[in-house]
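Here is the structure we will look at.
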Amino acid sequence: MGVPLLDMESISKAFPGVQALANVSFDVCPGEVHVLVGENGAGKSTLMKILSGVYGRDSGEIRLEGQPVRLANPRQAQELGVSIIYQEFNLLPHLSIAQNIFITREPRKFGRFFVDDTRLNAAAEQILSDLNLTMEPDELVARLTVAEQQMVEIAKALSFDAKILVMDEPTAALSETEINELFRVVRRLRDRGVGIIYISHRLQELKQIADRVTVLRDGTKVGTVRWEDITIDDLIRMMVGREVSDVFPERSTAPTEPLLTVRSLKREGVLHDISFTLHRGEVLGVSGLVGAGRTEMARAVFGADRPDAGEVRVNGEPVMIRNPGDAIDAGIAYLSEDRKRDGLALNLTLEENVVLASIPRFTDRLGLVQRRRAEERASELVESLRIKTPSMQQIVRYLSGGNQQKVVLAKWLCREAEIVIFDEPTRGIDVGAKREVYNLINQLSENGVGVIMISSELPEIIGMSDRVLVMRDGRLVGEFARQEASEEKIMYLATGGR
Amino acid sequence: MGEKTPQGTLKRGAGTLANRLSSARVFQQVAAFLSLILLVLFFSFASPHFFSVRNLVTIGLQTAVIGIMAMGVTYVIITAGIDLSIGSLLAVTGVVTALAIGAGAPIAIGVIAGAMSGLGIGLFNGFVVAFGKVPPFVVTLGMMMTGRGLALVLTDGRPLYFREVPEFRLLAQTRVFDTVPLPVVYLFVVAIIAGFILKRSAIGRYIYAVGSNEEAARLSGVNVTKIKLFVYSFSGFMTGLAGVILAARLNSAQPAAGQTYELDAIAAAVIGGTSLMGGEGTITGTMVGAFIMSVLRNGLNLMGVSQFWQQVIMGLVVIGAVFIDTLRKQREAKAT
């Protein structure tokens, strides 16, 4: 194949408490689509962040077209021809397509002061037509669909003469026709000699574009193989690869009567006919890829987004859930995925956060909060969850990330909800803290609470759940009892197999 | 520090005094309070007339109207909103009181009419903010213009005097023990009630929660709409009270009264540690902020500093107070 475009050799990187990458080597040839797969936390994004100059590396070497390079920052990487398109686009919605592509590099006229819009739009037009795209360069980015915005990101990367293009989960938010359009553009780039690194979980789709595939697991490389030489089943086995270890504590509960029944829950374009039952004392796992509609389902049940149709019963009684307040009154709690953004009031105190959802319980007839009782209850919870804090009056912003997570838990424990929905409860926390969360979930279910656990980590789903629901494209596509669930089966359904 | 268990977690019970003082929210109040004392000391030495009962009472009187308005707007700012309409509302509510009394209503009814007109317009502001999702800045900027216009329309641009009812002015001009004018008493009574609601009541907690993180508050079951309606109504109501007091003090309702008072009220809140980003602020802080402004103005007057220079200095004080607060927060963020 000649000299590879990119050669990353024995890259290692540690973060406090975690070896994110250990001796990982990775290369890309010109005119190749090299797919990078692995479970969450396997090290894919760390590797790409090192490539793009966001992180430094602890050891190892990076060569571009045979030349060793130092990549100190993203700008430098971009100038050397490495462009990354993240899942979250870096576009300015109020500017036009052309302005976005050439931001900070606009052609000027009359000296340096005025932007030459004619040349700007012509240059953008050139790039867009190279990609066979029919968008107008002066269209505002805010008016574009997600797929079109992605094309703008690609066009922007090309405007830097990108030799290597990294695409992170590019099809997550696209429809089938949009995916085909994307793949057409990807093949076009490949034919022009660009090396493409393509990160995806959607294994079924990859056969349309993949040349080689590299599998990462727990920060190490499992292997690199040619796509023709491997089956999807083998690939899944390489990704999963480990025994379900004993990180999951024993559970000794038997689910009993139905607690929460959801019938035909719909939200236009987001959720399609979702029906399921949660029992008292049960842990119901919800699996699926990013964008499969898991969080949306939880938010609809909790009243955070109003569904278009559907019926929710708690303990057999129909309940009308118009907003989170109604859901909380019905005994439902929801621990959101992004706890910092929508779980915590960061500049309030620990105590105020813990009792926030239960204020009515600590309020007397005059509407005054009985502070002593509130503070006592909060400090009981702080103690039992072992939240490290100098005082109950500590501002939550100044607690560590792990402790902040626990504050959100404490808020709902304080409320004593009957139904608790955990959305990615262990994302971004270390193994020890995970174990604490698992123990807590088990303890809740032993007390008769029904738990819905949304998670992208398959071992966690299988290790913790009594039953597993699998979602894809806003639909429930499968259900497994604990005994019959396996990572392979779940992954197969979640990635589009039937 | 509280008692500790071996794991280093806190045992049950409240933090000690030292602990509470070190908490960020208290710091700005203490700092503002110390600045107030320093100012008083400075002016006491700089001018022989400053530290006298007569002058201190004057300062109290000068603080009453702005102080009460500032407490109302503090509620709004803690929810991360703003209320620019209160200067105009001050005139509207005074005019409504004068019209009611002029039409033959008893004084009590006139006072209630004034306060309620403030509450009503505040409720309207809240309604547009909460349901219309129009930014508070725009809603209350519009109401600032509309309110001023209403005051002028209702009076034909001329002041209204309370000639038929000389007792009305007693509401502001009576002195308790022959020294303390009633508005100063109102100021402190209102401060105690407003502070108590904010600190102790459920609704007070929700006000902070909405300002700190609206989505988190909503997902915790807080009725965010209700809280917004409440704070804007409250701000209007407080302005109504202030409007009545001002009218009684001047023994007239002036359609041009209160111009730029909204900015003084906001400045008082901000000097007292209320964050325009929401989630932070106290009534004590706002009171101290209001007093810092009037002490400065009064002291500079006594020292013979011109009105023009006074404005220059007041502006710099507002910027300086917030700058110091920002510095402290940055240092704190780095320390943890």
Side-chain angles (χ1 to χ4, degrees), chain A residues 299 302-304 323-329 334 336 339-353 355-360 362-363 366-372 374-376 379-380 382-383 385-400 408 411-412 415, chain B residues 1-16 18-27 78 80 196-197 199-226 275 277-281 329 332-336:
Chain A
R299 287 178 62 92
F302 187 64
N323 54 50
D326 288 345
I328 292 167
D329 288 341
Y334 171 58
S336 62
R339 280 165 283 271
K340 210 162 179 165
R341 202 188 65 209
D342 40 40
L344 288 172
L346 284 175
N347 50 2
L348 300 192
T349 67
L350 179 55
E351 182 253 341
E352 285 165 329
N353 270 283
V355 301
L356 183 57
S358 337
I359 294 273
F362 299 106
T363 305
L366 296 172
L368 300 182
V369 177
Q370 297 167 312
R371 285 192 303 174
R372 179 156 305 165
E375 196 159 291
E376 267 175 22
S379 54
E380 270 170 33
V382 162
E383 207 172 327
L385 288 174
R386 275 179 279 169
I387 299 174
K388 293 199 179 66
T389 175
S391 91
M392 294 305 295
Q393 301 305 320
Q394 175 74 0
I395 304 290
V396 167
R397 183 187 304 282
Y398 302 124
L399 294 177
S400 73
V408 187
K411 177 168 79 178
W412 294 112
R415 180 70 204 198
Chain B
M1 286 284 145
E3 264 182 280
K4 297 217 161 174
T5 58
Q7 294 93 346
T9 57
L10 185 86
K11 269 218 156 175
R12 180 172 316 173
T16 60
N19 208 320
R20 277 164 183 267
L21 281 181
S22 71
S23 127
R25 206 182 276 162
V26 180
F27 179 91
I78 293 174
F196 193 74
I197 294 176
K199 217 177 168 108
R200 296 293 178 84
S201 73
I203 210 163
R205 294 241 171 171
Y206 292 153
I207 288 170
Y208 283 108
V210 167
S212 179
N213 186 341
E214 190 171 322
E215 183 66 1
R218 193 174 78 93
L219 292 180
S220 298
V222 176
N223 189 335
V224 174
T225 307
K226 203 171 91 183
S275 161
M277 308 300 287
E280 286 174 35
K329 278 184 195 150
E332 218 165 67
K334 243 179 237 163
T336 41

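Computed over heavy atoms, backbone and side chain alike; hydrogens, waters and symmetry mates excluded. Naming: A, B, ... by sequence-line order, numbering from 1 per chain.
A side chain to side chain contact (heavy atoms under 4.5 Å, CB included) with B:Ser212 is found for one member of A:Leu344, A:Asn353, A:Leu348, A:Ile395 and no other, namely A:Leu348.
Atom OG of B:Ser220 sits about 6.0 Å away from atom CD1 of A:Ile328, to the nearest 0.5 Å. Distance check: A:Arg371 CZ to B:Arg205 CZ gives 7.5 Å after rounding to the nearest 0.5 Å.
Neither the backbone nor the side chain of A:Arg415 comes within contact range of chain B; no heavy atoms are under 4.5 Å apart. Heavy atoms closer than 4.5 Å to chain B are found in the side chain of A:Phe302, but not in its backbone. Proximity to chain B is limited to the backbone of A:Leu346, based on heavy atoms less than 4.5 angstrom apart. Only the side chain of A:Val355 comes within contact range of chain B, with at least one heavy atom under 4.5 Å from a heavy atom of that chain.
Of the listed residues A:Gly325, A:Gly343, A:Ala304, A:Ser336, the one with more heavy-atom pairs under 4.5 angstrom with chain B than any other is A:Ala304. Contact count versus chain B (heavy atoms, under 4.5 Å) is highest, among A:Asp329, A:Leu368, A:Leu399, A:Val408, for A:Leu368. Counting heavy-atom pairs closer than 4.5 Å to chain A, the top residue among B:Leu219, B:Asn223, B:Ile203 is B:Leu219.
The two atoms that bring B:Tyr206 and A:Leu356 nearest to each other are CE2-O, 4.0 Å, heavy atoms only.
For B:Glu214, the side chain to side chain contact (heavy atoms under 4.5 Å, CB included) criterion is met by B:Val210, B:Val224, B:Lys228, not counting sequence neighbours.
A heavy-atom distance below 4.5 Å is not found between the side chains of A:Asn347 and B:Met277.
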